[in-house]
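These notes concern the structure reproduced below.
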Amino acid sequence: MSDSAATNKTTYREAIREGLREALCSDSRVFLMGEDVGHYGGCFAVSRGLLEEFGAERVRDTPLAESAFVGAGIGAALGGMRPIVEIMTVNFSLLALDQIMNTAATLLHMSGGQFNVPIVIRMATGGGKQLAAQHSHSLEGWYAHIPGLTILTPATMEDARHMLGAALREPDPVLIFENQTLYPLEGDSPEPASNFDITRAAVRRPGRDATLVTYGAGLHKSLAAAETLAAEGVDVEVLDLRVLRPLDDATIIESIGKTHRALVVDDGWRSGGISAEIAARIMEQAFFELDAPVARLCGAEVPMPYSKHLELAALPQPETIAETVRKLVNKHG
Amino acid sequence: MSDSAATNKTTYREAIREGLREALCSDSRVFLMGEDVGHYGGCFAVSRGLLEEFGAERVRDTPLAESAFVGAGIGAALGGMRPIVEIMTVNFSLLALDQIMNTAATLLHMSGGQFNVPIVIRMATGGGKQLAAQHSHSLEGWYAHIPGLTILTPATMEDARHMLGAALREPDPVLIFENQTLYPLEGDSPEPASNFDITRAAVRRPGRDATLVTYGAGLHKSLAAAETLAAEGVDVEVLDLRVLRPLDDATIIESIGKTHRALVVDDGWRSGGISAEIAARIMEQAFFELDAPVARLCGAEVPMPYSKHLELAALPQPETIAETVRKLVNKHG
Amino acid sequence: MSGNFPTCDRDRALRLLEQMIRIRRFEEKCVELYGAQKIRGFMHLYIGEEAVATGVMEQLCPEDAVSATYREHGQALARGVDPGKLMAEMYGKQQGCARGRGGSMHIFDASTRFYGGNGIVAGGLPVAVGLALADRMQNRRNVTACFFGEGAVAEGEFHESMNLAALWRLPVLFVCENNLYAMGTALRISESATDIARKAEAYDVASAAVDGMDVLAVAEAARRAVDVVREGRPYLLECRTYRFRAHSMFDAELYRPKEEVAQWKKRDPITLFVAQMQDAGVLRDEDVRELERRVEREVAEAVSFAEAGNWEPVEDLTRFVYSEKSRL
Amino acid sequence: MSGNFPTCDRDRALRLLEQMIRIRRFEEKCVELYGAQKIRGFMHLYIGEEAVATGVMEQLCPEDAVSATYREHGQALARGVDPGKLMAEMYGKQQGCARGRGGSMHIFDASTRFYGGNGIVAGGLPVAVGLALADRMQNRRNVTACFFGEGAVAEGEFHESMNLAALWRLPVLFVCENNLYAMGTALRISESATDIARKAEAYDVASAAVDGMDVLAVAEAARRAVDVVREGRPYLLECRTYRFRAHSMFDAELYRPKEEVAQWKKRDPITLFVAQMQDAGVLRDEDVRELERRVEREVAEAVSFAEAGNWEPVEDLTRFVYSEKSRL
Ligand SMILES: Cc1ncc(C[n+]2csc(CCOP(=O)(O)OP(=O)(O)O)c2C)c(N)n1
Ligand SMILES: Cc1ncc(C[n+]2csc(CCOP(=O)(O)OP(=O)(O)O)c2C)c(N)n1
Ligand SMILES: [Mg+2]
Ligand SMILES: [Mg+2]
């Protein structure tokens, strides 16, 4: 059942599962529903064992009907439940976008404050596993455009473990994007946490010479790049956004005040991505702090190709991140 | 039938209709399909009379089934037709987003170049008519995030009249967003055009002191603001993007090279909107030309409220545009 | 017409008739106010279809939930939403049930469990399924009544929702208001098989079609349906009706012959019911006049309430995008 | 099993058998290559279901169009997509039918009108409707065969597409491959009414269910269906089959009993057909051995072709996002 049993090591996958288990244990209003979350054990084996533990009512396999089961999650939330709806992969969430934007994100405002929708929607996102153009996109930054939603992107064991619980305490819809490539990631078992924060970005590595603003899979690639750069004497700060909406401007701007240079690293497409918003905000709020224009390293603007070498080329990698930082720190303002 | 018959004046609505009529006349592969395009005459009366002129096969009323009829448009395009698919209002297009992103925008790449999809999808967009939160959003900038699509936003009589024909000559999917508030707009009948350009932004009003970068309904509000400002001795250039994807960077940057200040005016939500992309590109390509950070004036980040005074407050207006420009030109770099 | 349901006593007849007249007069007033530009945006009238909401709603308890479409004044009033708050909403006033943020298409009222007011055709069906799921998971024997037009049947959400409700045995009463047109699209242009009630078979859902112009017939069919639903099974009730007015305030009505409209108006649900009750000696002319007076006062009060209301302060524009209450 | 279709001569028997064996051996090789990490990503096998694609495809003409799902190696091969190009695609090579951009889930081939290879469950149905619409509007008497699993039936796109095809009388052959599971979700967990073929009634579409393990039965049912379709009416053909392997290469198969799998394997479509043809004296042992040898060579050649291929230059990553051909 457990990927690394009886040690104090765990995996990202297990951490998510523990978060689910805790939520199901601690609140009878919570239930998990989605395609293959039960009998199959979850498309990415995240929910394996939960059906046996909590039964088919609370770990509820749905038919293939994304629009209806997301809408049903909204209705269940209105009816006093705390649904966790799993959408297998971000591309399939497009089938439920009407419910997400036109209902979940809108209802509270449209009803003049009468009906809030405490739903949590989880989905796998991101490329890197050769799943090609209909299973690999990174749309979390795109979702962050929608008022009414909170967008979370756990990248660490702690966040994988605790963001879900915090999301369930929100009165409004929260979307959690789990990067597919992180599920096997290993690390120390996170400590228990109460009042876990889901509003602030986190500095994962302090540094002086430039700020890498990133999230999700980008965090790990950025940290790897930072190691390489450190060996060359370039000391970069790595900032994990954690929350793509609402963005934590303060932490970003504070970092810029220190480093005066920033590179946004984002697996998502560049044009109109979250990378643009971050660049724009830095300019708006810290223009005169900048020694160079904010740089962006993003996913190539292509539907994700299947073959390995093209997929690698389509996404930021530690080497390309390091290379971009080198150029950035050599630019003089 | 005609809103301003027998004069050389026309309306935006009529110009779109003339574009449709010309397309239907000149190419037997072209047909129009969508909800109520036929017997009803079009939700916004755009296609009135076309059913009688071209028959029910080529002006095809569809059931309420956005996903299927957009998908059917894709299939028809693959099968050698040149479909124009109308989605009544941008919010409903969310029901068809899977077909738009996962198929139309993706198929050419995913098939290694074998299957291009020459479909044109038109929809009404934008607020300003008190239609509230499910009929008023401005998602065209959001759509511009998607590789494989071309995004057009006609704001003038010429563009209303000729963009459709140009879009139909594209081998790949083109989305045309018609701002609802523009349909009654009056102006001179456009000249016939051949080889109509849909790649470049247009300077609609030249100026020296600042550049207003905008499109769609924002163009008219920006031009109004420019008049007010001109009276005060502030001379702004107004740039109509026309095409939100691919963006015409050259024209934007050229203007910045002249004015050194820019304000992006966008009815869409601010965070992660096209306004951010434009700001980011200006910074990337013309950082050292800027005398002040690029400013943004966008739609408030709320689902659109119904009541008039709130709706007005939720959107950029000539007054707020002028006010923002005043601040911008007083900022010294 | 429905001599089969003669057992309607005076009290009930008065209640049903009052409800239908309330909807009718309220909406007639709305038309006037739309002309005076007090109401704006899209407005869809229920005139002609009053028997449906009236007959169905009679079968529900206060604990039950209701969801409807943009054409929902009738359901809202029949459900007991305060006419003043409803009118104020259409004015866009702060005293409106959605503080002026919703307008005609987005009526919501927590106190009567009225979940809108949905402007997306078929968008309310999945949500209704979820409301019923919540009831079932919490062992409440509530019904969720979900109203939608026959146009919505073509949407994938109809199909997905029927299946989910049936599969999970959820207490949803699907009420299809078949008024033969979706905007300008006639049913035969939108459905290859036009018998809506029969579509329930594909999901093993019980269903019935009923004359939607006959309030007692609707009430009786809805009573049977609610019995099934309260036992924990969905039900599809097709009510065959007709809208007497244009689709919305922007509609040249090019798509249907005037004679057809005239034919249907002969089956006006209010006129029919009055005649039936008078024939049966249950109601007298004076009863009807009395009701009309009462409703007229009520509508006038609703208008006054709306007129007296104020505008939400512009500073509050961005309220209610996220909840103000702290963590639940 | 299908003594009702005895008229299968030697040539035809050889053709059908070869097709099924080709799919089987090709995929067995794929499993090996997946183990060797030559093939990556999601890969879904058709093993056990070969009679469906083989029987249906026999009824199509070269002008007809085919659309399928991510589980489409079988349809691609049966349709005549070159096995070398198919294998090269799974390797991710430039010589692959989609230049390595698609992989196992996204096989496309213009020369055989094979429109994929769709990774979105039910996503191919609306597109198939559109292909048929284009045929109809251009007065071509082609058929569009659209393959999908029974899991897709729950999606709204199934409903919307059936209605559109019926309403507009479009020549679409909907082929539902009912293998009883959608990933790990059994049909009874996903459909309130599990008789797929009957769902066609809601749209006035003709339909039939057939034993999908019997290639002659499938062929015969498909022949009848295609006759209807070519006259300009859609048809829903449900083929009852079973996948012998896991859903994809990542599947612990927790959701179905081993005995069930074993039971179904006794109805292996290849074994059944061979036995039937041998009993009828149409084929001999030697014929089968000869076919196996031929197919083995073919598969080996496909692998060699894939191995010999090269990688698309990285500089070409962003090609084919927009067309290179100039204006049409
Ligand atoms: C998803 C979606 N598509 C289109 C529309 C535009 N629209 C509003 S009402 C309507 C007709 C709906 O007809 P029906 O369901 O029969 O209800 P009726 O209006 O007749 O009560 C249409 C097409 C919409 N609101 N939502
Ligand atoms: C819209 C969508 N939802 C979910 C998935 C994930 N998924 C891939 S295959 C599959 C099962 C589909 O089952 P079925 O339609 O019966 O086809 P089969 O795989 O059995 O051939 C699922 C859930 C998907 N690809 N697309
Ligand atoms: Mg209707
Ligand atoms: Mg299946």
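Proteins come first, then strands; the chains are lettered A, B, ... in the order of their sequence lines, and each starts at number 1. All heavy atoms count here, side chains included; hydrogens, waters and symmetry mates do not. Please read all numbers here as calculations on a predicted model, not as lab measurements.
For chain A, the nearby part of B:Arg245 is the side chain; its heavy atoms alone come within less than 4.5 Å. Both the backbone and the side chain of A:Met283 have a heavy atom closer than 4.5 Å to some heavy atom of chain B. Contact annotation for B:Ala105: only backbone heavy atoms (N, CA, C, O) come within less than 4.5 Å of a heavy atom of chain A. For B:Ile146, the parts lying under 4.5 angstrom from a heavy atom of chain A are both the backbone and the side chain.
With hydrogens and angles disregarded, no donor-acceptor distance shorter than 3.5 Å links the side chain of A:Ser67 to the backbone of A:Ala96.
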May I have the step-by-step check of salt bridge (Lys or Arg N to Asp or Glu O under 4.0 Å) for B:Glu289 and B:Arg261, ending in yes or no? CA-CA 8 Å; B:Glu289 292 286 346; B:Arg261 289 168 206 268; over 6 Å; no
Check the pair B:Ile321, B:Leu212 against side-chain contact (heavy atoms from CB on, under 4.5 Å), reporting the backbone distance first and the verdict last. CA-CA 9 Å; B:Ile321 297 170; B:Leu212 288 179; 4.0 Å; yes
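A:Trp269 has its ring centre less than 6.0 Å from the ring centre of A:His137. Checked against the 6.0 Å centroid threshold, B:Tyr215 and B:Phe177 do not count as a close aromatic pair.
Heavy-atom pairs under 4.5 Å with chain A peak, among B:Pro246, B:Ala279, B:Ser271, B:Gly141, at B:Ser271. When each of A:Gln134, A:Met304, A:Arg296 is scored by its heavy-atom pairs under 4.5 Å with chain B, the top score falls to A:Arg296. With chain B as the partner, the residue from A:Asn102, A:Asn91, A:Leu244 showing the most heavy-atom pairs under 4.5 Å is A:Asn102. Contact count versus chain A (heavy atoms, under 4.5 Å) is highest, among B:Pro305, B:Ala280, B:Pro147, for B:Pro147. Heavy-atom pairs under 4.5 Å with chain B were tallied for A:Gly273, A:Ala295, A:Ser275, A:Ala144; the largest tally goes to A:Gly273.
Taking CD1 of B:Ile121 as the reference point, atom CD of B:Glu66 lies at 12.0 Å (rounded to 0.5 Å).
A salt bridge links B:Arg326 with B:Glu323; the closest basic N to acidic carboxylate O contact falls under 4.0 Å.
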